[in-house]
Amino acid sequence: VPVVLRRPWCDSFIAERGYFGNGTRTRSDTAKMPSSDPLPPKESALFRKILKCYEMKQYKNGLKLAKQILSNPKFTEHGETLAMKGLTLNCLGRKDEAYEHVRRGLRNDLKSHVCWHVYGLLQRSDKKYDEAIKCYRNALKWEKDNIQILRDLSLLQIQMRDLEGYRETRHQLFKLRPSQHASWIGFAMSYHLLGDFETAMNILETFLSSQTMDTFDYKHSELLLYQNSVIQEAGNHEQALQHLKDCGSQILDKLAVQESKGALCLKLGRHEEAIPIYKGLIERNPDNTEYYRKLMEARKLSEPAELIEAYRAMQEEFPQSFCARRLPLDIATGDTFKTLVDEHLRRNLRKGVPPLFVNLRSLYRDAEKVKIIGKLVECYYQNLMSSGYFSAEDAANPDVRKEPASALLWTMYYLAQHYDHLRESEKALDFINAAIEHTPTLIELFVTKGRIYKHAGDVLEAVKWLDEAQSLDTADRYINSKCAKYMLRANQIKEAEEICAKFTREGVSAMENLNEMQCMWFQTECALAYQRLEKWGDALKKCHEVDRHLAEIIEDQFDFHTYCMRKMTLRSYVGLLRLEDVLRRHPFYFKAAKSAIEVYLRLFDKPLAAESAVEELDIENLPAPELKKLRNKQRKAQKKKAEQENAQSKENQKKEQHNKKQLYQDGDPEAPQLDELIPEKLARPDDPLEKAIEFLKPLQLLAKDNIETHLMAFEIYLRRNKLLLMLQSLKRARKIDASNATLHSCIVRFHQVLEQRLASTGDTAVDPSVRIVIDRERENLFHGQSNAVSLNDAYLKASGDDCDAVYEAAKIMYTLDEKRRDEAINLLHATVVNKKIPLEKATKMFLLLKSGYFGECDKHLAAFKQLCQKRYPLAVVFADVTATPVATLTTTQSSNAENTQTTVTDSGSNCCVMATSEQQTPGKQALADKSAKKQKNGPEIKAN
């Protein structure tokens, strides 16, 4: 019976086990299972040749042989031959004919397990796994002990995570083939995945006790480690440790043995036993931070002084270890920290370690440590400029050698990153400019300068410097990707594609090739860029492409169900299954899903008009002579369009034939062809909310700890007018962060909708049972406030220090009572005046004022803009720009909440443009003058 595998390279796996390349049963196996409608010897020989042709992928020859059997009047309706012909046709991409023949064969021989099996294979090739499982079960009714059908059924069951069914099928296979290793392993794993660890351990123990081996190979070693992992998951740590001690000599992965032993000793409280294990692991790899932490835990050291002393000893024992010097900095405080970080900084600045700031960035959560680091590095800079030493004491000591010339460069590089992190962009630019003047060929300097401009709000200048960086080394893929990402943040999609084309396959557009390579960072950034440019269809296309990539990854696990069992890579296999179960928790999917949901909500609120409707609207307003001209123009355009479509159709046919040819050579010819993603169609969905829910469901299941998931769910259900689902989303969001500003906005809107629904009658009236549920939650949700205004005022009073809370409260204040407009605007203005708020939050408030949300407020807008120009002199969004009809201000939120770039985008050309007026803002002019003065001698720092 033939078995179609998903990938051609899997053929060798099956061939080694006595099956044909595509899983077709060998002659000896077929002979054991007589057909329910047997053929005479001559036709039977032809049927075996059909199987051989199928195995050799000689599909046309197989069809000719099938025709010979079916042309015989006695066998024109022979079910199994018709089924095999259908299977062969499926391999040639003729799916409709394939289904017709297989169904016809099945109708003529309903009791044939071969026909049911082939029908299941057809369903499986179309990824209709539930239907395929039904077909396999029907096949087993007529041939209950057919091993191949049972194997295929078990693969589908584990793919669909039908673990109960998988256990039953593996049990049946175990009873039929108790001598095969895979039968034992699969049977044990079925219990393991169900959480029945005791039974799984018993099966593995029985299997291992029956093995007699003189030498222990990799497979046996992996099986023992898998057995140990099952014992650990069962919670039997004592037994697991003893098992490792007993079988350690048989296991080849010594590192895994030592790591497991150390972890088990700590769990069992055997700290003395764990100490030599972790010392040995550190000797093996002195730069693994986890080993150091575990060693300190084993030595029961918890006091900072004790830990620092222990790390000091480790530094002497492992002088080249970076971790031994870095880890104490997390614990130390005060003068001790100053001494340790001084030593660490000097050592790495002297050596010239580019990622030094990245390594120390986690210390910047502590304001006191930031001050100490800043003072030390500033002192280094002053002394290096004046004497070439890190300190005056070193300069006075004749035994201390002068620092290398590069030390000054790396000190300036560090200070630039230091001030950039603190968002002191002017100082950061002074230092990075001085560093570039010192060494104009160091790529990291240009990348950092671009990053400074990005954080300062000038993404156009950031792109310029990243482009400069990648031009210095065009073979560096990292810099190339970074430059493309900055371009996408600036909405320069075409330029980003051209940059990426340097590393993509020739003859194919970069966008297509990046999609083939599943380059999801590019596609998510692309989707966000299209969304900012209001190209909704293109944005949705990129989101759907990311979704398809994840679906393909989930699909690809099919290749490993048999392979991992045979190669005995069981721990990795279990890890793979658990990863696949939560795959859509990945940030790439969250970004794409969020973007898609936002676009679908926008399309629901403001649907795009059909193209024909737009044309008709224009025609109605035209006079007769112009209408006649327009008609002639339209006829010519239609004729030209028809010619183009005809040429395109021919081109597509050629392309399709080429793709099919490639598919037979490289890919899976039986894989179902997905619908083409056409932006125009995607931008005009029949039910945008239903499409949004398709992206939301995986997030509700796998990203339920992220408050944004529930806020997006609320927005969808609000538009669907589902009160209970809105309430459910709000309750889930409150459990995560009850003080969230956006959540407050959602609660107020829910209050308004609820009051309207309660006051209504007829079809829109609230069901009594629904009302009971909502009444139970009123107190918790609305905090006893009787109306939306008092609810908003109470929230503002409680959270007035949070600028996000002020932003949302001001919006709601104006929405509920337009008379309080000035009060709402003054709230936003006062927030910027009284607090040092991040650039992205100020930008958000400015764009709200500019959008006309509060109506005409030019005076307030001008005052707010002037204030922000002084506060954020480099930010493009606050610069004086000449207004043009196509220019729109947009804000780009990066993955890091602090990294926001504001750009002026030209919707027509997909790229950023800024027309600066002749008179620069005072802050920017002063900064330019200041930079020009300091360029020669480097930045100045006051002595501390």
Side-chain angles (χ1 to χ4, degrees), residues 416-417 419-433 448-466 486-492 528-529 532 803-804 806-807 828-851 860-884 887-906 911-931:
Q417 295 176 91
Y419 284 117
D420 177 45
H421 186 84
L422 300 177
R423 296 297 182 265
E424 296 182 27
S425 302
E426 296 90 338
K427 284 186 179 180
L429 282 172
D430 288 344
F431 281 108
I432 204 66
N433 286 332
T448 301
K449 187 167 183 178
R451 189 182 300 116
I452 292 167
Y453 273 113
K454 180 186 78 168
H455 293 162
D458 191 350
V459 74
L460 301 176
E461 195 70 15
V463 169
K464 171 188 162 184
W465 288 105
L466 261 292
Y486 273 55
M487 286 176 169
L488 289 172
R489 295 278 174 89
N491 302 337
Q492 298 176 1
L528 294 170
R532 290 190 295 270
C803 51
D804 286 327
V806 171
Y807 175 84
L828 299 176
H829 194 273
T831 303
V832 179
V833 170
N834 299 329
K835 296 173 188 172
K836 187 178 180 181
I837 65 171
L839 169 63
E840 65 271 13
K841 297 187 189 298
T843 302
K844 194 176 173 184
M845 293 178 181
F846 174 72
L847 294 178
L848 179 67
L849 290 170
K850 191 174 182 180
S851 67
H860 293 96
L861 182 64
F864 192 93
K865 183 178 179 180
Q866 190 175 6
L867 177 63
C868 290
Q869 283 176 348
K870 293 176 183 176
R871 187 75 61 83
Y872 315 102
L874 292 172
V876 176
V877 72
F878 306 122
D880 294 321
V881 295
T882 55
T884 57
T888 57
L889 285 168
T890 63
T891 301
T892 306
Q893 185 79 32
S894 76
S895 56
N896 185 340
E898 294 181 358
N899 298 345
T900 300
Q901 308 87 43
T902 306
T903 65
V904 183
T905 60
D906 183 349
C911 65
C912 294
V913 292
M914 184 178 76
T916 309
S917 62
E918 293 180 5
Q919 185 180 3
Q920 277 190 312
T921 59
K924 221 165 189 178
Q925 183 64 49
L927 181 63
D929 296 341
K930 183 181 173 185
S931 297

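Residue numbers start at 1 and run along the sequence shown. Note: hydrogens, waters and symmetry copies are ignored here, and every other heavy atom, side chains too, is used. Values in this document were obtained by computation on a predicted structure and should not be read as measured data.
- Counting heavy atoms of neighbouring residues, nucleotides and ligands inside a 6.0 Å radius, atom CD of Q866 does not exceed 12 of them.
- Annotation: side chain of C803 is not in contact with side chain of K835 (no heavy-atom distance under 4.5 Å).
- In terms of heavy-atom proximity, L861 sits nearest to K850 at CD1-N, 3.9 Å.
- E424 places no side-chain N or O within donor-acceptor distance of the main-chain N or O of Y419, the cut-off being under 3.5 Å.
- Note that the CZ atom of F864 and the OG1 atom of T831 stand 8.0 Å from one another [nearest 0.5 Å].
- Across every non-hydrogen atom of L839 and A875, the tightest pair is CD1-CB, 3.8 Å.
- Going from atom NZ of K449 over to atom CG of N433 covers 4.0 Å, rounded to the nearest 0.5 Å.
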>> Could you walk me through whether Y453 and L429 satisfy the side chain to side chain contact (heavy atoms under 4.5 Å, CB included) test, starting with their C-alpha distance in whole Å, then the side-chain angles of each, then the deciding distance to 0.1 Å, before giving a yes or no?
In response: CA-CA 8 Å; Y453 273 113; L429 282 172; 3.6 Å; yes
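- Note that the CG atom of D804 and the CE atom of M845 stand 7.5 Å from one another [nearest 0.5 Å].
- Taking all atoms of both residues into account, the shortest heavy-atom contact from F878 to Q869 is O-NE2, 2.7 Å.
- Expressed to the nearest 0.5 Å, how far NE2 of H860 lies from CG of L849 amounts to 9.0 Å.
- Heavy-atom minimum distance, F846 versus V877: CE2-O, 3.5 Å.
- Across G450 and Y486, no two heavy atoms sit closer than the pair O-CE2, 3.8 Å.
- For the pair V833 and L867, the minimum side-chain heavy-atom distance is below 4.5 Å.
- To the nearest 0.5 Å, atom CG of residue L874 and atom NZ of residue K454 are 15.0 Å apart.
- Considering every non-hydrogen atom in both A428 and D420, the closest pair reads CB-N, 3.7 Å.
- Interatomic distance, D430 CG to I432 CD1, rounded to the nearest 0.5 Å: 11.0 Å.
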